[in-house]
Amino acid sequence: MTTIVAIRCADGVVLASDRRASKGGMIGSKAVKKIYPIDSRKAVAIAGQLSDANYLVNLVKAEAKLIEFNRGFPLTVKEVAKLLSNMLYSGMRNYSPYITELLVAGVDEIGPNVFEADISGAVTDEMFTSSGSGSPMAYGLLEASFREGLTVKEGAEIAKRAVRAAMERDPGSGNGVQVMVITEKGSEFLDAGGAA
Amino acid sequence: MLPRGSEGAYMMYTPDGRLVQVEYAAEAAKYGSPVVAIRGKGFAVMVARTKEPDPLLDPMEKIHMVDENIGIAGAGFTGDIQLLVDQARVEAQRHRLVFEDPIDVRTLVNQLGQFMYQFTRYGNVRPLGASLIVIGSDRVGNHIFQIDTRGLLLSGKALAIGKNSEAAVSLLRGEYRPEIDMRDAINLAVKALSSAEEGESPVEVGIAKGMSFKKLCLKEVLDSGLPS
């Protein structure tokens, strides 16, 4: 359940999510956070088992900070994605997988980057991507609207519309949209306004 | 006073707060043939003289590749240097396994420094009789580092280790210029090296720039020019 979206733009990245947590057929929570900052210019959007995802994100946040202290400069987006995927992979291989899919997005010295890490530990480098039960609907809008060289302002609008589209048809997604924009300058949550 | 012959089994302070075994190890590293490194704008270089050539023996290498972007040269016991180079290579590959990217120089020297430091904390081990110069290029920039027998890290614009390295350092102190180009840096490093130890044997040159490290012999560099 969930719809999350990440788009790589010319001047940064955009992450968007719905706010619903499902408990079986029930809506478990109507105001869940699914986008987590890793540092000032990186964030992870989560889908799947909330507890697994939270555990991994907290671990990677701590690990990233330690590495940055030791070597004196922050991790790249790819390195964050790899740290996550290493844990996902060992989970899968040890018959206790982390039931989650993560979109890692941010801006580093290489530029804006979006990666997807799935339950098996596979990492893919994407221009735009979506995950969760609403992703088929979100992809429909993304495939039609995405082009290279989007600004984050345009990207944020597309990401918001993609999540909204999924919320219209996917019972696992709903209760509002949250959007985060990350540029060279830093990250901020946009006020996506009104629940759909 | 320790009983005779048991000195090596202890790693304990003297009454005036020194660790003599570590100081002896530092002394051993001072007998190794010197290595000089210089960092300029956009590059880092190091030079070291190989052993006197013997027609019966293959020449021994003094500068060791660690990964495609980092090289190490050591002064001191050859076995200890080899142990550290092996350790560095494993660390570099481990980093690649975790991140799918080459290791950065800072992380590598931190780990090597920690490794060497451990030998100063326990009895029944011998502190490594080797100091190292590590140069490399990563996405942060180009670096030169020196690691001494205690595991102490030094970085800077120009460094020297090994026999008579004080002479090399004082020459570098007088002649180093921040805007030095690569050719001049190599020449200055060779001059500093020769001021520390005269020799006829071939000089090896390590060049780090643009995320890569290359090892050449000085003759190659002088004859065919610098690698682009």
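Each chain gets a letter, A, B and so on, in the order the sequences are listed, and its residues count up from 1.
Proximity to chain A (any heavy atom under 4.5 Å) is restricted, for B/V140, to the side chain, taken from C-beta onward. Residue A/I67 touches chain B through its side chain alone, counting heavy-atom pairs closer than 4.5 Å. For A/S85, no part lies near chain B; criterion is any non-hydrogen pair under 4.5 Å. Both the backbone and the side chain of A/E79 come within contact range of chain B, each with at least one heavy atom under 4.5 Å from a heavy atom of that chain.
Residues A/N94 and A/S96 have side chains that never bring a donor and an acceptor to within less than 3.5 angstrom of each other. Between the side chains of B/S137 and B/N142, at least one donor N or O lies within less than 3.5 Å of an accepting N or O.
For A/R93, the CZ atom is loosely surrounded, since the number of other residues' heavy atoms within 6.0 Å does not exceed 12.
In summary, of the residues considered (A/Q178, A/K34, A/R164), a side-chain hydrogen bond (donor to acceptor under 3.5 Å, both in side chains) with A/D18 occurs for A/K34 alone.
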